[in-house]
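Inspection log for the structure reproduced underneath, given as structure tokens.
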Number of protein chains: 2
Amino acid sequence: MEVNDYVIVYSTEIDMPTIVDVARVAGVSTATVSHALNNTRYVDPQLRERVLKAAQDLGYHRNAVARGLRTKRTRSLGLIIPDIANPFFPEFARGVQDAATQAGYTVVLCNTDWQKDKEHEFLNLAQQGLLDGIILNPSEIAGQDLSNLIKADIPIVLIGSRIDHPKLDQVSVDNVVGATMAVNHLVELGHRRIAHLAGPHTSSSGSRRREGFVQAMRQRNLDKDLTIVEVPFNQEGGYQGTRSILAKEPRPTALFAANDVIAIGALLALRDAGLQVPNALSVVGFDDIPVAAIVSTPLTTIAQPKYQMGECATNLLLDRLSGREKGPGRRVKLDLELVTRSSTGPPPPA
Amino acid sequence: MEVNDYVIVYSTEIDMPTIVDVARVAGVSTATVSHALNNTRYVDPQLRERVLKAAQDLGYHRNAVARGLRTKRTRSLGLIIPDIANPFFPEFARGVQDAATQAGYTVVLCNTDWQKDKEHEFLNLAQQGLLDGIILNPSEIAGQDLSNLIKADIPIVLIGSRIDHPKLDQVSVDNVVGATMAVNHLVELGHRRIAHLAGPHTSSSGSRRREGFVQAMRQRNLDKDLTIVEVPFNQEGGYQGTRSILAKEPRPTALFAANDVIAIGALLALRDAGLQVPNALSVVGFDDIPVAAIVSTPLTTIAQPKYQMGECATNLLLDRLSGREKGPGRRVKLDLELVTRSSTGPPPPA
DNA sequence: CTGAAAGCGCTTACAG
DNA sequence: CTGAAAGCGCTTACAG
């Protein structure tokens, strides 16, 4: 700001002590200070003592930026996600953080709000040397957008299966299997007319869950006249989608929603339509978000191993950063699990 | 095949191009490259053109760590919070991020899990030069733990009123007023026996809401034999607390819970006790978390302006960072609002 | 066993 | 109007 050229800025900014100050006070070289503080080579116990005391007295804190410039490592990881408000996320993030903290890394949380620009912006932080590695849950960008980072050898772990790259590690679940579990549960309860509230076909999890649904229904010979309504991954989508499904004749006796948020929208639509769950209609969700257990009718759902996904992704990344792993991308698929609550039961008598 | 006996490990770690490379290719000095890229002084259009082209061709990305060392600014802010899973948080964080992004700052999210150690660890990131400023929602640390940072002139904005410091900016709500709003709403509906599910007295918001409750009840002359049960800020606390309140004779006709999560626990306890809400008992929460609208009985609650709190805190911080503000700590109190939903109604006939 | 010094990649006061 | 060079605060190969 030009304006500040004329303003007298009296520097309250007290200079932080540096390694040079510590060295001077302790009467040793900066090399010895560095080694004493980092335990990177032998330092005479007496000298070490003097160094530690001097650092203490001066209130010295190592400048991590300078260190980062020198070592080309900042010991921080980026976690890039599309939506911080997604209830899937906190437990996942906790898994990431626990694993990272244990290895001495700091996690930087980057929320892109489903915007491609922001995805690029945060990926650039790595390109600019601020992040050593990235855990990426991509929402808009394509695989080729990562080529610069891959060329620069910045490790990236992908979450989900939206992007696939032979060089990148990846953590995902088998959405086809998950959908099959949902269908099986309903069929075993006696349902035959099962409708699907599908997620957007542009979403990889959405389309794979739909695929699993269709496939499972076909295997059971229940695929004549399948009812599938595609809605956005939000409550309103679930609400409107359910209304259109209720208009069908004969009415389905069960709904499989592509995620829990959609399922909650469905529960609201059913309540407003005066239909009891599960007596009139059963509902199954997907994710097992924390709310699922406390909504009006606690939700039967396919639980994702959120914490483990975060933990696993972080460990894959740390393996790359430490040089323990140099091979091609590893694919880890974690298991889904059916969680039975009150939203499912036998179909009403015909 | 003999050929394969030697595994060629070619160092994929291609050196990232630096400003020196760009200068060489463009045939100018590094000063000119820097100024051309940053628009910090006049650069001949032809030279600028050559610089930009060279940067483009080389795939140059400015090293933000080196820049940070030189300028002593990293353009990133830390947002330190105790619990990423708290539903209060996402909207707040979004407010922070929007304001920060607009000013060209990156937000680093730091989750302390209610651990004092982690609070210190993240505060240290600022001490180490990695964060220019901090928005802090303290959970365990005390005011004096901040003295090092304050001495080092690192700006901190406090959220809530757990810590108070004359030099620090602060964003909070008036919890006493909020509690009064809750009581007034219930009294106006006709309730006289109102119980309070209080938060921990160690929490500043918990004790101020209790204070507001007591004060409002006293003003209405309803403070004979007040029922107050102190519980932790979680669902289980709300559940157990409600059970103990239901044992009282005469039974209260309304509950004011210190936050929405407690209120949701209360709703579950009431359901399990076979008591209809609001017919048998009314319930008011505090926070207006997203779930509040979709639980079995949508919750009447005191809404906090979460987004604005984040936005406001960030702007206070940015004022300090830019030097626009140098005075003593500013206190901003944002307004609470009563949101009426289905969990409150007139008391049952006596 | 310890120190002097180079160098990480920028920005910016100083010259010309 | 542009360039040569210092310097931010560390780490670490190199000497001794």
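This structure is a prediction, so every number in the text was calculated from the model and none was measured.
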[options]: which one has an atom nearest the side-chain heavy atoms of [X]?
| X | options | answer |
| --- | --- | --- |
| B/Arg62 | C/dT11, D/dG3, D/dT11 | C/dT11 |
| B/Tyr42 | C/dC1, D/dT2, C/dC10 | D/dT2 |
| B/Thr71 | C/dC10, C/dT2, C/dT11 | C/dT11 |

For [Y], is there an ion pair with [X] - N to carboxylate O distance below 4.0 angstrom?
| X | Y | value |
| --- | --- | --- |
| A/Lys326 | A/Asp319 | no |
| A/Asp132 | A/Arg75 | no |
| B/Asp164 | B/Arg331 | yes |

Subject >> CD1 on A/Ile159 to SG on A/Cys312, rounded to 0.5 Å >> reply: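 With rounding to 0.5 Å, SG (A/Cys312) is 8.0 Å from CD1 (A/Ile159).
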
Original post:
Which distance, rounded to the nearest 0.5 Å, do you find between the CG of B/Leu130 and the CD of B/Gln127?
Top reply: 11.5 Å

Original post:
For atom CD of B/Gln115, is the number of surrounding heavy atoms from other residues, nucleotides or ligands below 6.0 Å larger than 12?
Top reply: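 Yes, because the 6.0 Å sphere around CD of B/Gln115 holds more than 12 heavy atoms from other groups.
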
Rounded to whole angstroms, how far apart are [atom1] on [X] and [atom2] on [N]?
| X | N | atom1 | atom2 | answer |
| --- | --- | --- | --- | --- |
| B/His35 | C/dC10 | NE2 | P | 14 Å |
| A/Leu69 | C/dC8 | CG | C1' | 4 Å |
| B/Arg24 | D/dG3 | CZ | P | 15 Å |
| A/Gln46 | C/dT2 | CD | C1' | 14 Å |
| A/His61 | D/dC10 | NE2 | P | 12 Å |

Subject >> Of B/Leu136, B/Asn137, B/Asp169, the residue whose pairing with B/Val157 passes side-chain contact (heavy atoms from CB on, under 4.5 Å) >> reply: B/Asp169

[N] phosphate, OP1 or OP2, under 4.0 Å from [X] side-chain N/O:
| X | N | answer |
| --- | --- | --- |
| B/Ser34 | C/dT11 | yes |
| A/Lys72 | D/dT11 | no |
| B/Asn63 | C/dC8 | no |
| B/Thr32 | D/dG3 | yes |

Below 3.5 Å between N/O atoms, which protein atoms pair up with nucleotides 4-6 of chain D? Just atom names and distances, please.
none

**OP:** Tell me which of A/Ile19 and B/Pro45 sits closer to the 5' end of DNA chain D, going by the nucleotide each one is nearest to.
**Re:**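 Looking at DNA chain D, the more 5' nearest nucleotide goes with B/Pro45.
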
Subject >> Dot-bracket pairing map - DNA chain C, Watson-Crick plus G-U, both contacts under 3.5 Å, | cross-strand >> reply: |||.||||||||.|||

Original post:
A/Val65 near the nucleic acid: base, sugar-phosphate alone, or nothing, with a heavy-atom cut-off under 4.0 Å?
Top reply: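 Nothing, no nucleic acid heavy atom in range.
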
